[in-house]
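Given the structure is predicted, the values throughout are model-derived calculations rather than measurements. Reckoned from all heavy atoms, side chains included, excluding hydrogens, waters and symmetry mates. We count ligands from 1, going down the list as the structure has it; atoms in each ligand are counted the same way. Residue numbers run from 1 in the order of the sequence given.
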Amino acid sequence: MVKGASNLRLFFPNSAKKDATAGDKNSPHDASVTMDGRVPLSPRTNIAAGPGAQQQPKMELLATPRGKKGGGGPGSSGLSSHKFQHCENVDSSSNLSYTAAAAASTPDAKQLHFPPPATPKSNVKKRLGWNPKQQLPNEQDSGGAMSRSQAEANNPVSDSASSTSSDVSTTGSSSSLQSVHGISSSSADNSQSTPRTQLQSGTPSRGVPKLGRFGAVPSPMSGNPKATAAAAAQRAVGTMNPQATKVAAMHQSSEAHFELQEDPHFWTNHNVQVLVRVRPMSNSDATGHSSYGTCLRQDSAHTITWIGQPQTRFTFDHVAGEFITQENLFRVAGLPMVENCMAGYNSSMFAYGQTGSGKTHTMLGDIDNLAYRPSEQRGMTPRIFEYMFSRILAEEQEREHEQLKYVCKCSFLEIYNEQITDLLEPTSTNLQIREDLKTGVYVENLREVEVTCVQDVVQLLVQGAANRKVAATNMNRESSRSHSVFACSVQSTWESNSLTNVRYGRLNLVDLAGSERQRTSGAEGDRLKEAANINKSLSTLGLVIMILVDVANGKQRHVPYRDSKLTFLLQDSLGGNSKTTVIATVSPSNSNAAETLSTLKFAQRAKFIRNNAVINEDASGDIAALQREIQQLKEEVSRLRRRSISTMVRYETEPGASNPGLSTNAALKKIEAMEVLLAGALRREKSFEAATKQMASEVKQLNSLVQQREQNTQSGKMILRFREDKIQRLESLVEGKLTVDSYLVEENGRLKEELQLVRSQIDRNPELTKFAMENIRLIEQLQGYQEFYNNGERETLLEEILNLRDQVLEIMDAKLALEQGAVALSTTQADNYRRELEICCNDLSTCLDINAKKTKQVEELQSKVEQLSARCAEQQQELELLKAIPVPEKGQIDELQLERAVHLQIISDLRAQLQQKEEIAGVQQSKKDIVFEDANQGDDSFTQTSHDQPTSTELELPMTSHKVIAGVAEKELCLLEN
Ligand SMILES: Nc1ncnc2c1ncn2[C@@H]1O[C@H](COP(=O)(O)OP(=O)(O)OP(=O)(O)O)[C@@H](O)[C@H]1O
């Protein structure tokens, strides 16, 4: 049997009907779901300490008659005047006063005198939502309480309870109450037959006690879950103690009921959100050490007063009274956490409070049969995951087009005696905390399990809870001896504008070990060591919070996160990147008054911590995509540049262009001008980037200003509340309800708090900050302008403007020219074609002439070829003839050679003769020339004479014949040689 279940079923009766009356009347789980056991005490109820009270000297419960119920029981006769003398604070309108000496085990509380809870002022927003029908489950509660007292039959507590019951019986008939609530006295009698159960104690154990609460392991007390349910149902009806029932009923009937209201601030505020939850009175509160007295009075949905000396009023984001259901609490505190986490914020929820005050009930509650028959008493964690997975499903469906995907991974650890153990892998003990610049603080080798549905989470919860260390203490039968952290990392990925976006949110659900005092808890031995360690880590937590409050007030302090594993691990949740909620659980019982006050003070300090949560988005995907885009844009720019330049050059070098050479130069000039422009644009872009950065920082500053304003408003609200409070106290003073001394003491305390608030308001005055920011902005603007002038930016810009104007003009000219050029181009082209045609015609006639000549030449060459072929044929014939001549024989050759030699001789002779004759002829000729010349100079006779002389022709004839002979001879010789 799980711890919670056992507790619920032993100490507290079935709650389902209470929940059903609160909203879910058709709940199928009514019969099986166990409920908080409260033995509430109504301040408006006439309760007198009865015999039981006398039997228990440590507890004095006094009540004066009041209201309709009136009357005092036997105990009322026992009221002594000294008990009344401490009741100055009693609300006279209520006509009821308590003086409750604290339990002997709470020495501090012994001195305390508690006035009854006052009826809330009408100006406080509240709802008295009780109706008689709602009593039924509470009666059952009492029944459950009684069953526990029966289980502890030997314990004097049961006597006390019965004595109280007997007191109540004097105020009205128990049977009448039972009949009102449908409970028969016979069933009350049946309670006697309820088997007695042994309480567990001893060393912390793994697996049984704490898990027992969640129903995974059967409890020795209740057997299997079905039997548990049956037993619970039986207890709920059959084991009812009628007198306790009446106490409970009367208490509840008069209890003010403030609804928790959802607060949009809760979602956005940067301060730690603090919610105080008051658990119902338990049987042990009533019977253990003290009276049914309560140390708390809820004044509104946000304020609660600790009714001790001095009476202290606390204001929180929410105060959840004992009537607040698990569902309601989840709506107010759990739901925003899920939304924040899914939006990418780290979110943490701590449950802090003394042992037995309801931390585990709040964080986990009853997770019996969660998959099939979820209990109304299931706590924050299962509800958070139920909601988270439904949201995930809905969002994934809604944004399917963006391919939105969520991945959730859970881990569960415990810090026990300053050592970290993996609750999902219990063999992994003494795990170390590491810090990484990128991932932050993490636990090395901690198992992380991917979860896809709430059942997965429940399985992990049950598995982890089974391994958690719990032990029995005086305060809680199954007290958590360790801090547990159930963490879930939620990662979402989606695509938009071709970018991949990734978001991370981390959810920490922390159930702290009880902040009990050692004497109260009765810790000894191992328990004492544990308590020391628990107190060490909790006191470090307290110290860290105190320092963080200073830091929030602008002081420079070192925060000792590393002094304990708890604060080291959760440092982000405390003043870091996280939205944090603290649920401070308190007991309303007088017997726990000191612990309750200490918890309330802790919670009040925590309220001042400022966190700085930011959305965790992985920009790496974005950067890559942006880089890709930049690259694409660059390419596009250069492509456009190339195109525009080539267009320009083409236009300038067009055949129609006036001066192509000049145009190319102009194009180059233009390119230069454009480059200058581009440089200017880049420069301006840079300055815009700087301006954007500047604006982003301004936005940041403005955000902080807004936050300051929010804080100021909150401080203002608090001051207002102080004032209201003061008015109330003054009224009480005037009416004599408050002594001057206690008024002054309270006033002093209030003024101190107010002073602190006002100081912090001055420190964080938004007007001052605004002016300072404005001042800085103006100085920077001035500097910017100065730089603008100093760096000649103005001139550069003017130049650029001129340049641009020129370019615009040129482009317009070019456009015009282009239009005119189109017409001019057609005429020029026609001229060109004509010219080309003429040239072609000339070329054609030249070609024809050349052609004729060539044809002629070809013909001549053809005739020559024919002649040569004819000659060739002749020579062929000659060759044939020559070949036909027979080749001479050797002897003939010799003869021929001889003949040749003769011929040669003849030739040479003949030549010699020829030469002689030539010489002679030469002499005669010269003589003749001389004579001829003389004749030409004298007479004609000479001419006659000269006729008698041989003529040159006559001389030449024999020579020619010689030559011919010689030639023939030579030819013959050649032939012979051949
Ligand atoms: N608001 C509540 N309504 C009903 N029952 C409650 C409530 N708060 C606490 N209880 C009951 O009180 C008992 C003790 O509560 P719980 O175990 O949650 O205390 P705790 O603060 O976790 O103690 P510890 O620090 O020792 O573990 C449980 O049986 C629980 O069911």
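- Note: Tyr352 and Phe602 have parallel aromatic rings, judged against thresholds of 30 and 60 degrees for the angle between ring planes.
- Distances between N or O atoms of Thr362 and those of ligand 1 include no value under 3.5 Å.
- With 3.5 Å as the limit, one finds no donor-acceptor pair spanning the side chains of Ser589 and Ser587.
- There is a side-chain donor-acceptor pair under 3.5 Å between Arg277 and Thr362.
- Remark: ligand 1 and Leu512 share no N or O pair separated by less than 3.5 Å (distance only, no angle test).
- Checked against a 3.5 angstrom limit, the closest N/O atoms of Thr355 and ligand 1 fall inside it.
- For ligand 1, the polar-atom distance check finds no N/O of Thr585 at less than 3.5 Å from any of the ligand's N/O atoms.
- Comparing Gly358, Gly365, Gly353 by heavy-atom distance to atom 19 (O) of ligand 1, the nearest is Gly358.
- Considering backbone and side-chain N/O atoms, Lys359 comes within less than 3.5 Å of an N/O atom of ligand 1.
- In terms of heavy-atom proximity, Asn508 sits nearest to Ser573 at ND2-OG, 3.8 Å.
- For Arg277, the heavy-atom gap to ligand 1 drops under 4.0 angstrom.
- Side chains of Thr599 and Thr596: a donor-acceptor N/O pair is absent below 3.5 angstrom, by distance only.
- The closest approach between any non-hydrogen atom of Gln354 and ligand 1 is below 4.0 Å.
- Residue Pro280 places a heavy atom under 4.0 Å from ligand 1.
- Aromatic ring centroids of Phe385 and Phe486 lie under 6.0 Å apart.
- Inspection of the Thr360 and Asp511 side chains reveals an N or O donor paired with an N or O acceptor under 3.5 Å.
- Of the polar atoms of His361, at least one N or O is found under 3.5 Å from an N or O of ligand 1, judged by distance alone.
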